[in-house]
Protein chains: 2
Amino acid sequence: MRIGELAARTGVSKDTLRFYEKIGLIEGDRLPNGYRDFPPETVTWLEYVRTAQALGFTLAEIARHGAELRDAPDSAEALSALFEDKIRIVDARMAALAALRADLTARVGTGCPLRAAERTG
Amino acid sequence: MRIGELAARTGVSKDTLRFYEKIGLIEGDRLPNGYRDFPPETVTWLEYVRTAQALGFTLAEIARHGAELRDAPDSAEALSALFEDKIRIVDARMAALAALRADLTARVGTGCPLRAAERTG
DNA sequence: CTAGACAGCGGAGTACGCTCCAAGGTCAAG
DNA sequence: CTTGACCTTGGAGCGTACTCCGCTGTCTAG
């Protein structure tokens with residue numbers, strides 16, 4: 001599909017898509033007239049990109065993951081290892097969030113804003 | 001305390017601390033000689049800043065929270081509301097992480113990298 | 001053939017979050 | 001009085017992630 005359709009389907013602007021192609025985050029062929037031609041799975045990939053990005057992964061990291069996936073397209077084990085790595089990162093982030101949540105919960109009801117978690121004695 | 005000690009205690013560089021002061025994220029007095037003089041609770045505040053930042057809050061957001069806390073220093077209810085807001089945000093982020101985790105888990109073992117969660121039929 | 005939608009390219013600009021630098025002031029110790 | 005650690009300021013520069021712009025090319029419909 002051409003860039004306009006991809007933009008419409010994913011909500012990612014054309015400029016951003018060109019930028020993503022430039023940094024290797026997405027890949028596509030070219031039509032005889034020079035227009036970009038993206039495969040349909042790019043939509044899925046971009047959804048994944050958005051999610052990963054929202055979770056704090058940089059585009060460079062995400063691009064690297066995509067590249068690794070392309071490098072080992074048949075090795076289910078390599079893929080599993082990669083995903084498990086990401087799961088570990090996600091777990092760590094969730095733990096951090098849980099800690100902040102507990103911290104916030106503890107502060108709710110106490111009246112100390114910046115001094116916060118200090119032993120209220 | 002002066003900027004060097006604050007930097008040493010928090011692991012935040014002096015340059016960054018001056019930058020934080022410039023954007024209103026931290027506040028301090030001045031000694032007669034012009035040196036910055038930060039109150040001890042700035043250490044706690046910066047730890048909080050680091051955590052919040054790691055979770056994806058921008059410095060502007062964090063500064064705003066700090067300002068709101070300063071505006072309503074006695075209103076425990078306002079504080080609780082603010083913290084509860086943040087807890088909701090944290091919960092949303094945790095849900096997103098859980099979704100990504102599930103997604104990743106589902107992909108582990110399947111051999112489809114970019115096409116990923118597509119109904120493998 | 002012309003209009004209009006769509007595409008391409010390169011380059012500038014923006015916002016965020018630092019990071020480094022140069023030139024200079026302050027202060028305690030020797 | 002000098003040395004050295006510590007502090008000041010302003011401004012430049014950097015990496016990330018876009019975003020906008022102007023100009024030009026392509027294709028389809030009337």
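Scope of the values below: all heavy atoms of this structure, side chains included, with no hydrogens, waters or symmetry mates. A note on names: the letters A, B, ... follow the listed sequences, proteins ahead of strands, and every chain is numbered from 1.
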Once rounded to the nearest 0.5 Å, what's the spacing between atom [atom1] of [X] and atom [atom2] of [Y]?
{"X": "A:E41", "Y": "A:E47", "atom1": "CD", "atom2": "CD", "result": "12.5 Å"}
{"X": "A:E27", "Y": "A:E21", "atom1": "CD", "atom2": "CD", "result": "8.5 Å"}
{"X": "A:F57", "Y": "A:T51", "atom1": "CZ", "atom2": "OG1", "result": "10.5 Å"}

How close do A:I26 and A:L17 get, heavy atom to heavy atom, and via which atoms?
CD1-O, 3.5 Å
Specify the separation, in whole Å, of atom [atom1] of [X] and atom [atom2] of [N].
{"X": "A:F19", "N": "D:dG15", "atom1": "CZ", "atom2": "C1'", "value": "10 Å"}
{"X": "B:I62", "N": "C:dC16", "atom1": "CD1", "atom2": "C1'", "value": "12 Å"}
{"X": "A:F57", "N": "D:dT16", "atom1": "CZ", "atom2": "P", "value": "17 Å"}
{"X": "A:E21", "N": "C:dG10", "atom1": "CD", "atom2": "C1'", "value": "14 Å"}
{"X": "B:R18", "N": "D:dG10", "atom1": "CZ", "atom2": "C1'", "value": "12 Å"}
{"X": "A:L31", "N": "C:dG8", "atom1": "CG", "atom2": "C1'", "value": "12 Å"}
{"X": "A:D37", "N": "C:dA7", "atom1": "CG", "atom2": "C1'", "value": "13 Å"}
{"X": "B:L17", "N": "C:dC20", "atom1": "CG", "atom2": "C1'", "value": "15 Å"}

Can you tell me if the side-chain N/O atoms of [X] get under 4.0 Å from OP1 or OP2 in [N]?
{"X": "A:T16", "N": "D:dA17", "result": "no"}
{"X": "B:K14", "N": "D:dC6", "result": "no"}
{"X": "B:N33", "N": "C:dG25", "result": "no"}

Which part of the nucleic acid, if any, lies within contact of [X], taking any heavy atom under 4.0 Å across all strands shown: a base, the sugar-phosphate backbone alone, or nothing?
{"X": "A:D15", "value": "base"}
{"X": "B:R36", "value": "sugar-phosphate"}
{"X": "B:I3", "value": "sugar-phosphate"}

Indicate if [X] and [Y] have the same hydrophobic cluster label, given that clusters are the connected sets of ILVMFWY residues with side-chain heavy-atom separations under 4.5 angstrom.
{"X": "B:Y20", "Y": "B:Y35", "result": "no"}
{"X": "B:L6", "Y": "B:L59", "result": "yes"}
{"X": "A:I23", "Y": "A:V49", "result": "yes"}

So, does the side chain of B:Y20 form a donor-acceptor pair with the base of C:dG17 at under 3.5 Å?
no
Could you check A:R30 against B:Y35 and say which one's nearest nucleotide on DNA chain C is further toward the 5' end?
A:R30
Position toward the 5' end of DNA chain D (nearest nucleotide), B:E5 or B:K22:
B:E5
Global bending angle along the helix from C:dC1-D:dG30 to C:dG30-D:dC1, which compares the axes of five pairs at either end, to 10 degrees:
10°
